[in-house]
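A single structure is presented below for examination.
Side-chain atoms are counted along with the backbone in the values below, which use heavy atoms only and exclude waters and symmetry mates.
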Amino acid sequence: MASIKSLCVYCGTSSRGSPSHLAAAERLGVTLAARGVTLIYGGGMIGLMGICADAALKAGGKVIGVIPKHLDDLEVGHRGLTELIVCTSMHIRKERMFHLSDAFAVLPGGYGTLDEVFEMITWRQLGLHDKPILLVDVDGYWKPLTALLDHVIAENYAKPETRRLYTVVDGVENLFDALAHAPQPKVEPKEKLM
Ligand code: AMP
């Protein structure tokens with residue numbers, strides 16, 4: 001794939017995960033800044049989200065956050081970003097983040113992270129987009145998830161070729177290599193998805 005201009009990072013609002021997860025969030029922020037790739041994320045100051053955004057900003061990178069008004073307090077909307085887009089709903093947030101991004105990277109996270117990545121995987125399955133989705137498997141965090149997806153395929157609830165909807169990379173250091181090898185998206189993203 002030709003070099004990307006923006007990367008959406010989905011990750012947790014918790015900072016109580018393993019130190020290796022926190023370090024991965026920081027490394028990704030620094031790497032994005034060094035490569036001149038804009039970070040698109042959920043706009044909060046807390047957890048891995050805040051760590052990644054702060055690292056990118058500190059390293060001179062461009063960061064765009066998208067946060068629904070009702071979460072602006074809860075997830076502490078980051079006022080130091082290049083741009084903070086305050087929107088009206090979770091659905092609009094996900095759609096804005098989708099349209100602003102050339103690809104998606106998934107760091108460790110919780111239910112919200114799972115919701116976000118599955119929406120992107122299922123939209124891709126439906127042919128609504130063809131942007132790369134990379135699960136960053138820091139210390140094997142996503143292994144149980146990929147095992148579940150294999151089980152879903154083994155039980156015939158998804159086709160084996162659905163494995164091509166996402167790519168698993170071992171760590172942040174392998175992310176950009178995987179992106180460079182990802183095929184150029186063939187599908188023009190639909191203007192209105194929902
Ligand atoms: P978590 O992984 O649960 O810490 O959440 C990560 C991010 O996902 C946070 O910014 C949450 O606001 C967001 N999130 C949680 N639930 C949803 C949802 N249903 N749709 C979109 N984003 C969500």
* Asked: Should E83 and K62 be marked as a side-chain contact (heavy atoms from CB on, under 4.5 Å) after you check the CA-CA gap, both sets of side-chain angles, and the distance that decides it?
  -> CA-CA 8 Å; E83 186 181 356; K62 204 173 152 194; over 6 Å; no
* Asked: Rounded to the nearest 0.5 Å, how far apart are CG of L179 and CZ of R35?
  -> 8.5 Å
* Give the cluster check for L145 versus L165: same hydrophobic cluster or not, with ILVMFWY residues linked at side-chain heavy-atom distances below 4.5 Å. => yes
* **Donor-acceptor under 3.5 Å (N174 side chain, V169 main chain)** => no
* **F98 backbone acceptor or donor facing K131 side chain under 3.5 Å** =>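 Pair found, side chain donor or acceptor close to backbone of F98.
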* Output the distance between atom OG (S14) and atom CG (L22), rounded to the nearest 0.5 Å. => 8.0 Å
* Are H129 and H99 side-chain neighbours, meaning at least one heavy-atom pair lies under 4.5 Å? -> no
* **Where K143 and T146 come nearest, the two heavy atoms and their spacing** => O-OG1, 3.0 Å
* To do: Measure across T113 and G12 and return the closest heavy-atom pair with its distance rounded to 0.1 Å.
  =>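 Of all heavy-atom pairs spanning T113 and G12, the closest is OG1-N, 3.6 Å.
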* Asked: So how far is it from L28 CG to C11 SG, rounded to the nearest 0.5 Å?
  ->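 The SG atom of C11 is 8.0 Å from CG of L28, to the nearest 0.5 Å.
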* Asked: Which pairs with one or both residues in residues 96-116 pass salt bridge (charged side-chain N to carboxylate O under 4.0 Å, His left out), sequence neighbours excluded?
  ->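 Only K94-D115 qualify under salt bridge (charged side-chain N to carboxylate O under 4.0 Å, His left out).
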* Asked: Should V30 and V136 be counted in the same cluster of Ile, Leu, Val, Met, Phe, Trp and Tyr side chains packed under 4.5 Å apart?
  ->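 No.
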* To do: Would you check if T31 and L175 make a side-chain contact, meaning some heavy-atom pair closer than 4.5 Å?
  =>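 No, their side chains stay 4.5 Å or more apart.
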* Structure fact -> Closest non-hydrogen atoms of S101 and S6, given as atom of the first, atom of the second and distance, are CA-OG, 3.3 Å
* pair Y41-L48: side-chain heavy atoms closer than 4.5 Å ->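 Heavy-atom side-chain distance check fails, nothing below 4.5 Å.
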* **Spatial distance of atom NE2 (H91) from atom CD (E119) [nearest 0.5 Å]** =>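 Rounded to the nearest 0.5 Å, the NE2-CD separation comes out at 6.0 Å.
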* For V117 and Y166, what are the C-alpha separation, side-chain angles and deciding distance, and is it a side-chain contact (heavy atoms from CB on, under 4.5 Å)? -> CA-CA 10 Å; V117 63; Y166 59 89; over 6 Å; no
* To do: Please check if M97 and L126 belong to a single hydrophobic cluster, counting links between Ile, Leu, Val, Met, Phe, Trp and Tyr side chain heavy atoms closer than 4.5 Å.
  =>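 Yes, same cluster.
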* **Validation row: L57, T82 side chains within 4.5 angstrom (heavy atoms)** =>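 L57 vs T82: side chains touch.
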* **Worked verdict on W142 versus L148 for side-chain contact (heavy atoms from CB on, under 4.5 Å)** => CA-CA 10 Å; W142 292 122; L148 174 63; over 6 Å; no
* Is there a path from M45 to L32 through hydrophobic residues (I, L, V, M, F, W, Y) whose side chains come within less than 4.5 Å of each other? ->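 No; L32 is not reachable from M45 via cluster members.
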* Asked: In Å, rounded to the nearest 0.5 Å, how long is the span from NE2 of H151 to CD1 of I153?
  ->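 It comes to 11.0 Å.
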* Please assess K5 against T38 for the test side-chain contact (heavy atoms from CB on, under 4.5 Å), listing each intermediate value before the final yes or no. => CA-CA 6 Å; K5 293 194 178 66; T38 301; 6.0 Å; no
* **Shortest non-hydrogen contact between A178 and L134, atoms and distance** => CB-CD2, 3.4 Å
* Residue from V63, D72, D54 passing side chain to side chain contact (heavy atoms under 4.5 Å, CB included) with H78 ->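 Answer after filtering V63, D72, D54: D54.
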* **A25 versus L107, closest heavy-atom pair with distance** => CA-CD1, 3.7 Å
* **Over all atoms of both residues, closest heavy-atom pair of S18 and D139** => OG-OD2, 4.2 Å
* Between CG of L74 and CD1 of I46, what distance do you get to the nearest 0.5 Å? -> 6.5 Å
* Structure fact -> Residue set satisfying ring pair (Phe, Tyr, Trp, His ring centres under 6.0 Å) with Y141, at least two apart, ordered chain then number -> H21
* Taking a hydrophobic cluster as the set of Ile, Leu, Val, Met, Phe, Trp and Tyr residues connected by side-chain heavy atoms closer than 4.5 Å, whether directly or through intermediates, do L114 and V152 fall within one such cluster? ->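 The answer is no; the residues belong to distinct hydrophobic clusters.
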* To do: Please work out which of the three classes, parallel, tilted or perpendicular, describes the rings of Y10 and F104, given edges at 30° and 60°.
  =>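 Aromatic pair F104/Y10 classed parallel.
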* Sub-3.5 Å donor-acceptor pair from the side chain of R93 to the main-chain atoms of G42, do we have one? ->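 Confirmed, R93 side chain pairs with G42 backbone.
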* **4.5 Å side-chain heavy-atom contact, C87 and V66** => yes
